[in-house]
Amino acid sequence: MCGITGWVSFDRDLTAESTTLDAMTETMSCRGPDDRGTWSRGPAALGHRRLAIIDLPGGRQPMTVGTPRGTVALVYSGETYNFTELRRELAGRGHRFTTESDTEVVLSGYLEWGEALAERLNGMYAFAIWDARHDKLVMIRDRMGIKPFYYYETSDGVLFGSEPKAILANPLARRRVALDGLREVFALVKTPGHAVWDGMSEVEPGTVVTVDRSGLRRHVYWSLETRPHTDDRDTTVAGVRELLDDIVRRQLVSDVPRCTLLSGGLDSSAMTAIAARQLAETGETVRSFAVDFVGQADNFVADELRGTPDTPYVHDVAKSVGTDHRDIVLDSHSLADPDVRAKMIRARDIPMGFGDMDASLYLLFRAIREHSTVALSGESADEVFGGYLQFFDETARTADTFPWLVRFADHFGDDAGILRPDLTAALDLPAFIKESYAGAVTGIRRLDGESDFEFRMRKISYLHLTRFVRVLLDRKDRASMAVGLEVRVPFCDHRLVEYVYNAPWALKSFDGREKSLLREATADVLPRSVYDRVKSPYPSTQDPKYAVALQGHVKDLLALPGHPVFDLVDREQAAKAAEREAPQITQASRRGLERTLDLALWLDLYRPEIVLA
C-alpha cells in the first residue's frame with residue numbers, strides 16, 4: 001500500500017518544479033513510510049511513497065518503461081490480487097519481468113491492453129500512468145472505491161493524489177470550502193465524485209479518467225448492475241463459500257506479517273476462521289486483534305444497537321480457531337486526547353468523523369502496526385449481505401430517503417443543535433438530502449416480474465453499496481494508512497458483491513435474520529455463540545469520563561476569543577453542552593461536543609477559506 005501524487009502541466013516543463021513535487025509527495029509519508037521516489041519529464045511529474053508489501057526490494061516506484069515512442073511511467077497504490085494469473089498471461093504474450101511485484105504486472109498490462117486493463121484487475125487500487133506516447137495521463141480506481149483517489153483541474157492540466165492533502169500542497173490548489181462541501185460534511189451522504197474542497201473531485205469507483213491536451217474525459221468500466229439470480233438456496237450458499245475461500249486465500253498473500261481484525265461479530269469471525277484454516281495448511285497461525293475499552297466488559301449496558309459486549313465472543317473465536325490473539329484495551333483519556341483527534345482530522349482532511357469510534361480505530365491500528373503490516377477486515381459485509389437494522393425496520397424500508405438516516409439521530413445524535421441558525425438555514429440539509437436521494441436511486445434497473453417489496457430491498461442494498469459503504473471504506477483507509485497499516489477488505493471483492501447483490505432479499509434473509517447467506521456459508525467454521533449472535537455494530541465507549549473530557553476541551557475552546565469555529569457553531573449551544581452534568585449528557589450532546597472539536601481542529605490545521613454565500 002502506498003501514497004501517490006502528481007502534476008501534469010501541458011504549458012510548462014515540470015522538471016523545474018521539484019520542490020513542489022517533493023512537498024506533494026511528502027504529505028503521503030504516513031501512507032508509505034518505507035521508501036519514496038519522484039519522476040518528472042516535460043509536462044509530467046509523479047511522486048510516490050511506498051509501504052512495501054510484495055517484493056520488498058523490487059517494487060520501487062515510480063516505475064517506468066521506455067518504448068520507441070516515449071516513456072510510460074506508473075505510480076500505483078493498492079494490491080492486485082490476481083497479478084499471478086495476469087503475469088502468466090502477459091509472459092505468454094512476450095512480456096518479460098524483472099521483479100515479483102504486482103506493480104510491474106499492472107504496468108505491463110497497460111502496455112498490452114491500454115485502459116482496458118482496468119476490466120481485468122481484481123483488487124483494491126488507485127494508480128496513475130503518464131503515457132508519453134500520447135501525452136496523456138490515465139487515472140484508474142478500483143470498482144468499490146476501496147482506495148481513495150482525488151484530482152484537481154488546473155488551467156493547463158491536473159493535479160492528483162491519494163488524499164486531498166497532496167493536492168493542497170501545490171500552490172495552484174485553493175484551500176476553499178463552500179456550502180456544497182459543508183453539506184457533504186454534515187449530511188452523512190457521500191456524493192460520488194465530490195471531494196468537499198472546491199475545485200477538487202474524486203476519481204469515482206470503477207472509473208478511468210484521462211487527461212490530455214484536449215481536456216479531461218471519464219469512462220466507467222464497472223458499475224453495480226441488476227442481473228437475474230437463478231441459483232437456489234443451497235447453490236447460493238455454496239457459491240458464497242466458494243467465493244470467500246478464494247478471496248481470503250488471495251488476500252492473505254503478503255511478504256510481510258499479516259493479521260485479522262476480530263470483533264466477535266459474524267463478519268470478522270467468519271473471515272478470521274477461514275484465514276486460520278487456510279494458514280494452518282502451511283503450519284501458520286493467524287494473528288488477530290480486537291479493540292476494547294477499560295471496564296467495558298464488566299460494566300456493559302445493553303441498548304437498542306448493542307445487545308452484547310464484544311470481548312466474550314472475540315475470545316470464543318480466538319479459542320475455537322486457534323488464533324494468536326491480542327486485545328487492545330483503550331481508556332477514555334486516550335480516546336479524548338486532542339492529539340489523537342488531530343491525527344484523525346489530518347488523516348481524513350475533513351472534519352467528517354465518528355467521534356470516539358474514529359479515535360479507537362486509529363489507536364487500534366497504531367497498536368496493530370507494531371506487530372503486523374497487513375490486516376484483513378470484515379468491513380462491508382453488512383452492506384453486501386444486509387446486516388444493518390434499517391434493512392429490517394419498516395419505517396426505514398419505506399422512507400423516501402437514505403435508510404441509514406431514518407434513525408441515525410436516535411442512535412448517534414445529530415448536528416442540528418450545534419450549528420449557527422444562519423448556517424443551518426443556508427445549508428438546507430433536508431433539501432440537499434432529498435435531491436441527493438433522488439439522484440442516487442435513478443437508474444436502478446428492476447427485473448421483469450420483481451415484486452414491489454423485492455425492488456424496494458434492491459434499492460436499499462444498492463444505496464448501501466454505492467453510497468454508505470464508501471464513507472466507511474474511506475474512514476478505514478485513512479485511519480489505517482495514517483499509521484502505515486494496509487487493511488484489506490475481502491467482502492468488497494467485486495465478484496462477491498455482484499453475486500450477493502443480485503440474490504433476492506428472500507434468499508439473503510431466508511431464516512428471518514440478518515446476513516443469512518453469510519451465516520450459513522460459514523457455519524462449519526464458526527463457534528455456536530457467534531453463529532447465534534445478533535448483529536452488533538463497531539463498539540463505542542460507555543465511560544462517562546470520555547464525555548467529561550470532551551466538555552473540558554470545549555470549555556478551553558470557548559475561552560479563546562474569536563475562534564473561527566464559532567462562525568459555524570452556535571457558541572451558546574456549545575457552552576450549554578460543556579456545562580451539563582454527566583448524567584444529562586445525551587448521545588446528541590456528546591456528538592455535538594465531538595463535532596465542535598473536530599471543526600475547530602480542522603480550521604486550525606487547514607485554515608480553509610469558508611464561503612457561505
### Query
Taking the six-membered ring for Trp, are the ring centroids of Y538 and F354 within less than 6.0 Å of each other?
no
### Query
Are the aromatic ring centres of H464 and W404 under 6.0 angstrom apart?
yes
### Candidates Y606, Y152, Y150 - the one meeting ring-ring contact (aromatic ring centres under 6.0 Å, His included) with W197
Y606
Measuring from atom [atom1] of [X] to atom [atom2] of [Y], what distance do you get when rounded to the nearest 0.5 angstrom?
{"X": "W39", "Y": "L46", "atom1": "CH2", "atom2": "CG", "answer": "6.0 Å"}
{"X": "T64", "Y": "I129", "atom1": "OG1", "atom2": "CD1", "answer": "12.5 Å"}
{"X": "L376", "Y": "I247", "atom1": "CG", "atom2": "CD1", "answer": "11.0 Å"}
{"X": "D22", "Y": "E17", "atom1": "CG", "atom2": "CD", "answer": "11.5 Å"}
{"X": "M124", "Y": "D142", "atom1": "CE", "atom2": "CG", "answer": "8.5 Å"}
{"X": "S380", "Y": "I146", "atom1": "OG", "atom2": "CD1", "answer": "7.5 Å"}

Main-chain N/O of [Y] paired with [X] side-chain donor or acceptor, under 3.5 Å:
{"X": "T207", "Y": "P205", "answer": "yes"}
{"X": "R12", "Y": "G42", "answer": "no"}
{"X": "S436", "Y": "F432", "answer": "no"}
{"X": "S372", "Y": "V374", "answer": "no"}
{"X": "R49", "Y": "R31", "answer": "no"}
{"X": "S108", "Y": "V105", "answer": "no"}
{"X": "S480", "Y": "K476", "answer": "yes"}
{"X": "R420", "Y": "V569", "answer": "no"}
{"X": "N502", "Y": "E498", "answer": "yes"}
{"X": "D156", "Y": "D11", "answer": "yes"}

Looking only at non-hydrogen atoms, find the nearest pair between [X] and [Y] and report the distance.
{"X": "E379", "Y": "F491", "value": "O-CB, 3.7 Å"}
{"X": "K147", "Y": "G78", "value": "CG-CA, 4.4 Å"}
{"X": "V471", "Y": "R348", "value": "O-NH2, 3.9 Å"}
{"X": "R369", "Y": "P33", "value": "NH2-CG, 4.3 Å"}
{"X": "P62", "Y": "T38", "value": "CD-N, 3.7 Å"}
{"X": "L568", "Y": "L603", "value": "CD1-CD1, 4.4 Å"}

### Message
Between M344 and L361, is the side-chain contact (heavy atoms from CB on, under 4.5 Å) condition met? List the steps.
### Response
CA-CA 10 Å; M344 275 304 296; L361 197 65; 6.0 Å; no
Side-chain donor-acceptor pair present, [X], [Y], cut-off under 3.5 Å:
{"X": "E184", "Y": "T191", "answer": "yes"}
{"X": "R133", "Y": "T67", "answer": "no"}
{"X": "H219", "Y": "E115", "answer": "no"}
{"X": "H563", "Y": "D604", "answer": "yes"}
{"X": "T20", "Y": "N170", "answer": "no"}

Please determine whether a side-chain nitrogen of the Lys or Arg among [X] and [Y] lies less than 4.0 Å from a carboxylate oxygen of the Asp or Glu.
{"X": "E486", "Y": "R258", "value": "no"}
{"X": "D598", "Y": "R595", "value": "no"}
{"X": "E85", "Y": "R250", "value": "yes"}
{"X": "D34", "Y": "R50", "value": "no"}
{"X": "D358", "Y": "K343", "value": "no"}
{"X": "K190", "Y": "D474", "value": "no"}
{"X": "R217", "Y": "D212", "value": "yes"}
{"X": "D198", "Y": "R176", "value": "yes"}

### Neighbour count above 12 (heavy atom, 6.0 Å) for E435 CD
no
When you compare the side chain of [Y] with that of [X], does any pair of heavy atoms fall below 4.5 Å?
{"X": "L597", "Y": "P338", "answer": "no"}
{"X": "K165", "Y": "M28", "answer": "yes"}
{"X": "R467", "Y": "P192", "answer": "yes"}
{"X": "I140", "Y": "Y221", "answer": "yes"}
{"X": "I460", "Y": "F468", "answer": "no"}
{"X": "E79", "Y": "V253", "answer": "no"}
{"X": "L612", "Y": "L182", "answer": "yes"}
{"X": "M63", "Y": "Y76", "answer": "no"}

### Query
Among pairs that include at least one residue of residues 116-127, which meet salt bridge (charged side-chain N to carboxylate O under 4.0 Å, His left out), considering only residues two or more places apart or in two chains?
E89-R120
### Task
Tell me, with the steps shown, if T71 and R41 meet side-chain hydrogen bond (donor to acceptor under 3.5 Å, both in side chains).
CA-CA 9 Å; T71 299; R41 187 167 300 174; 2.9 Å; yes
### Message
Can you classify the ring geometry of F160 versus F149 as parallel (below 30°), tilted (30 to 60°) or perpendicular (above 60°)?
### Response
perpendicular
### Task
Could you label the plane-to-plane angle of the Y462 and Y501 rings as parallel, tilted or perpendicular, counting under 30° as parallel and over 60° as perpendicular?
tilted
#### Entry: Working for side-chain hydrogen bond (donor to acceptor under 3.5 Å, both in side chains), residues D493 and Y81
CA-CA 10 Å; D493 185 292; Y81 301 124; over 6 Å; no
### Message
V189 vs L405, test: side-chain contact (heavy atoms from CB on, under 4.5 Å). Steps then yes/no.
### Response
CA-CA 9 Å; V189 173; L405 295 182; 4.0 Å; yes
### Query
Given the rule in the side-chain contact (heavy atoms from CB on, under 4.5 Å) test, do L51 and V256 qualify, once you have shown the distances and angles that lead to the verdict?
CA-CA 10 Å; L51 176 63; V256 294; over 6 Å; no
### Task
Test side-chain contact (heavy atoms from CB on, under 4.5 Å) on I368 and L485 and set out the steps.
CA-CA 8 Å; I368 290 173; L485 177 71; 4.1 Å; yes
